[in-house]
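Written below as structure tokens is the structure these notes are about.
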Amino acid sequence: MAVSGSSSLMWFRKGLRIHDNPALEHALKGSSFLYPVFVIDPHYMKPDPTAFSPGSNRAGVNRIRFLLESLVDLDLSLKKLGSRLIVLNGEPSQILIRCLKEWDVKKLCFEFDTDPYYQGLDVKVKEHASSIGIEVFSPVSHTLFNPADIIQKNGGKPPLSYQSFLKVAGQPAWACSPLSMTIPSLPPVGDFGSCEVSEVPNLEELGYGNVEQDDLTPFRGGESEALKRLRDSIADKKWVANFEKPKGDPSAFSKPATTVLSPYLKFGCLSSRYFYQCLQDVYKNVQKHTSPPVSLVGQLLWRDFFYTVAFGTPNFDQMKDNRICKQIPWNDDNELLVAWREARTGYPWIDAIMTQLRKWGWMHHLARHCVACFLTRGDLFVHWEKGRDVFDRLLIDSDWAINNGNWMWLSCSSFFYQYYRIYSPISFGKKYDPNGNYIRHFLPVLKDMPKEYIYEPWTAPLSVQTKAKCIIGVHYPKPVVAHDTASKGCKRKLAESYALNQKLNGKLTEEDMRNLRRKLEKDQDEE
DNA sequence: CAGGCGTTGCTGGA
DNA sequence: TCCAGCAACGCCTG
């Protein structure tokens with residue numbers, strides 16, 4: 001039994017939930033006072049008027065709102081348990097170090113986080129806490145496996161293919177063990193001393209009062225919403241059992257073809273372990289079900305795969321000095337990047353997806369593939385890091401490990417190398433949505449374009465454009481590149497880059513890259 | 001060193 | 001809905 005009057009601090013970052021929260025469960029044990037804390041870091045939350053979209057320097061307003069909603073929900077749940085969420089403002093390590101002292105904290109609990117930002121922050125806080133005799137408890141509970149365990153099991157390096165990951169990982173023993181969905185009650189919050197605390201702010205209070213409602217995502221944050229969404233998703237047992245990721249329809253938007261649980265997993269509003277157990281429950285009660293990699297459990301394992309590779313790969317978020325990343329002389333064409341980012345490529349399928357990203361902060365996995373391929377190896381040959389930055393800002397489910405992993409995947413920089421398989425910005429969407437309803441919804445300027453032309457409106461006769469009240473080059477842009485020639489050029493560039501990577505065993509100097517770039521440009525001019 | 005395989009390509013034909 | 005043909009990658013296994 002702990003000393004009477006001892007205080008614990010539960011530091012929420014991700015893991016914004018009550019259910020299956022090992023750090024919270026440990027924090028309340030034997031504590032007379034519990035301080036549940038979230039720190040608002042101005043660096044992450046302060047409005048940045050110079051950014052290309054409403055939001056802070058790091059995050060678009062949709063993700064900030066999603067986070068605030070998640071905090072409000074967490075606060076409500078804590079209040080029902082006799083506690084509350086304490087919101088602090090400032091640089092997290094400084095603030096926390098001060099609170100630990102001011103509140104005479106004996107035990108500090110927070111979920112272990114593999115992202116570089118938290119790795120750096122947590123070392124500082126941990127070292128300080130330990131040095132003054134505070135117990136620190138920082139469990140792995142964001143993923144099904146502990147990435148460090150898998151890397152160790154694999155001989156010190158992360159497995160680099162999904163199949164080898166599955167083999168090394170084996171059964172997720174921890175993820176199968178019992179978990180608690182509720183907490184009976186929480187110790188009271190103690191005195192705040194001289195620390196300035198506040199309630200969860202709203203968007204206006206943070207300085208985002210002028211954002212148009214029309215541009216806000218339909219997805220609401222929070223644990224309650226996550227559990228509701230989960231229940232709705234698994235209610236249809238047949239759908240869960242037959243789920244095959246590649247068969248989903250990327251153009252479905254009023255009823256998306258996936259669970260849309262990714263933003264809740266990202267913030268930890270939903271425990272991946274609880275999700276996993278719910279899926280296993282469904283599988284037990286059906287005759288047959290799909291399997292990884294395409295099944296829903298397979299999707300959770302993808303998440304763990306990318307977390308593991310990201311944790312074990314230095315400079316995972318860049319091409320340079322990243323040992324798993326092919327060295328490719330991508331261009332640095334800002335005009336092409338901006339056309340892509342601002343949904344002005346002239347390819348309606350691509351521009352509709354980029355508009356959905358901007359407005360909703362979410363789009364179907366295959367839609368992400370299409371625009372990522374188009375920006376990098378498919379058409380524009382722009383650096384994957386540039387596209388990664390745009391996704392990182394605008395997606396409500398943006399996740400450091402998964403986002404970087406997928407951009408390397410789609411750009412054929414790592415994991416996937418069949419660069420001649422290119423998504424067509426015209427025919428891929430047409431397969432699912434021949435009438436172009438998705439385009440009509442997100443690009444209303446094209447809503448009256450006949451279906452014969454909606455995927456390639458520049459081919460419509462002028463009379464048709466006039467009748468549709470959409471003149472190409474006036475109301476909607478002409479294509480920034482011709483897909484046929486652009487994709488052929490990209491394939492050739494990839495082939496040359498791969499050949500040099502192989503020849504030099506992946507170790508290209510800056511001079512090698514300059515020479516290769518010059519050679520590729522020369523080849524292009526000679527065409 | 002060869003052969004099989006890899007979450008989800010495209011086109012055209014049956 | 002499924003298939004072959006297209007041109008053809010790196011990684012893993014034996």
Side-chain angles (χ1 to χ4, degrees), chain A residues 154-155 157-169 242-252 256-259 262 289-306 308-309 313 322-328 347 349-350 353 363-374 376-379 402-403 405-434 455-456 482-508:
Chain A
N154 197 49
K157 283 190 174 168
L160 292 176
S161 75
Y162 185 74
Q163 295 305 332
S164 58
F165 169 82
L166 293 185
K167 218 187 279 175
V168 176
N242 296 325
F243 185 89
E244 281 183 72
K245 189 64 168 282
K247 293 208 174 143
D249 176 357
S251 70
T258 54
T259 60
S262 54
H289 59 83
T290 52
S291 296
V294 298
S295 64
L296 276 172
V297 160
Q299 306 313 299
L300 277 175
L301 293 166
W302 276 107
R303 182 170 172 271
D304 266 62
F305 169 63
F306 281 128
T308 304
V309 185
T313 307
N322 178 347
R323 70 183 154 79
I324 70 165
C325 186
K326 291 256 178 286
Q327 302 301 302
I328 297 165
Y347 287 93
W349 172 245
I350 299 298
I353 295 168
M363 59 292 204
H364 187 274
H365 187 67
L366 287 177
R368 300 181 192 202
H369 278 213
C370 287
V371 294
C373 177
F374 185 86
T376 57
R377 67 180 170 87
D379 291 83
I402 299 169
N403 194 30
N406 275 318
W407 274 95
M408 276 189 269
W409 187 295
L410 262 299
S411 64
C412 283
S413 296
S414 198
F415 308 111
F416 176 80
Y417 307 96
Q418 286 157 280
Y419 58 78
Y420 40 88
R421 291 193 182 172
I422 292 172
Y423 290 94
S424 163
I426 297 153
S427 43
F428 189 81
K430 211 185 272 183
K431 269 193 309 206
Y432 300 92
D433 180 18
Y455 284 88
E456 322 168 69
H483 173 65
D484 280 353
T485 50
S487 58
K488 276 190 191 114
C490 284
K491 270 190 257 189
R492 206 191 47 239
K493 288 174 187 169
L494 261 297
E496 293 225 28
S497 304
Y498 270 27
L500 191 63
N501 272 264
Q502 196 175 54
K503 191 175 145 201
L504 300 176
N505 204 13
K507 292 183 181 64
L508 281 74

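So you know, we letter chains A, B, ... as the sequences are listed, proteins then strands, and number each from 1.
Look at A/Gln502 and you'll find a side-chain N or O under 4.0 angstrom from OP1 or OP2 of C/dG10. Residue A/Ser427 has a polar side-chain atom (N or O) positioned under 4.0 Å from OP1 or OP2 of B/dT11. Neither OP1 nor OP2 of C/dC12 sits under 4.0 Å from any side-chain N or O of A/Lys167.
The aromatic rings of A/Tyr455 and A/Trp349 are tilted relative to each other, their planes meeting at an angle between 30° and 60°.
The CD1-C1' distance, from A/Ile324 to C/dC11, rounds to 13 Å in whole Å. As rounded to whole Å, 9 Å separates atom C1' of C/dC11 from atom NZ of A/Lys326. Atom OH of A/Tyr417 is separated from atom P of C/dC12 by 8 Å (rounded to the nearest Å). The separation between A/Lys491 atom NZ and C/dG10 atom P is 16 Å, rounded to whole Å. A/Phe416 has its CZ atom 9 Å from the C1' atom of B/dT8, to the nearest Å. Per the geometry, CG belonging to A/Leu160 stands 7 Å off P belonging to C/dC12, to the nearest Å. If you measure from atom CD1 of A/Ile422 to atom P of B/dC10, you get 10 Å, rounded to the nearest angstrom. Straight-line distance from the CG atom of A/Asp304 to the P atom of B/dT7: 16 Å, rounded to whole Å.
Between A/Tyr419 and A/Ser164, the residue anchored nearer the 5' end of DNA chain C, judged by the nucleotide with its closest heavy atom, is A/Tyr419. Heavy-atom nearest nucleotides on DNA chain C were determined for A/Arg421 and for A/Gln418, and the one closer to the 5' end corresponds to A/Arg421.
Rounded to whole Å, the separation between the P atoms of C/dA8 and B/dC1 comes to 22 Å. Look at the C1' atom in both B/dT7 and C/dG5: the space between them is 23 Å, to the nearest Å. Only the P atoms considered, C/dA7 is 22 Å distant from B/dA2, to the nearest whole Å.
Base pairing of B/dT7: no nucleotide in any strand meets the Watson-Crick or G-U wobble criterion (both distances under 3.5 Å). With a 3.5 Å ceiling on both atom-pair distances, C/dA8 lacks any Watson-Crick or G-U wobble partner. Figure legend. C/dC3 is base-paired to B/dG12; pairs are counted as Watson-Crick or G-U wobble with both atom distances under 3.5 Å.
Here the side chain of A/Tyr417 pairs no donor or acceptor atom with the backbone of A/Tyr498 at under 3.5 angstrom. With hydrogens and angles ignored, the 3.5 Å screen pairs a side-chain donor or acceptor of A/Gln299 with a backbone N or O of A/Pro293.
Distance check, rounded to the nearest 0.5 Å: CD1 of A/Ile324 to NZ of A/Lys157 gives 11.5 Å.
Within 4.0 Å of A/Lys430, counting heavy atoms only, lies no atom of the nucleic acid at all. Counting any heavy atom pair closer than 4.0 Å across all strands shown, A/Phe415 reaches no nucleic acid atom.
When each of C/dC9, B/dT7, B/dC10 is scored by its nearest atom to the side-chain atoms of A/Lys431, the top-ranked nucleotide is B/dC10. The side chain of A/Phe428 approaches B/dC10 more closely than any other nucleotide in the set B/dC10, B/dT8, B/dT7. When distances are taken from the side chain of A/Tyr423 to each of C/dG10, B/dG9, B/dT7, the shortest belongs to B/dG9. Taking only side-chain atoms of A/Tyr162, from C-beta outward, the nucleotide of B/dT7, B/dT8, C/dA8 with the closest atom is B/dT7.
Heavy-atom neighbours of A/Gln418 CD from other residues, nucleotides or ligands within 6.0 Å: above the threshold of 12. More than 12 heavy atoms of other residues, nucleotides or ligands shown are found within 6.0 angstrom of NZ on A/Lys431.
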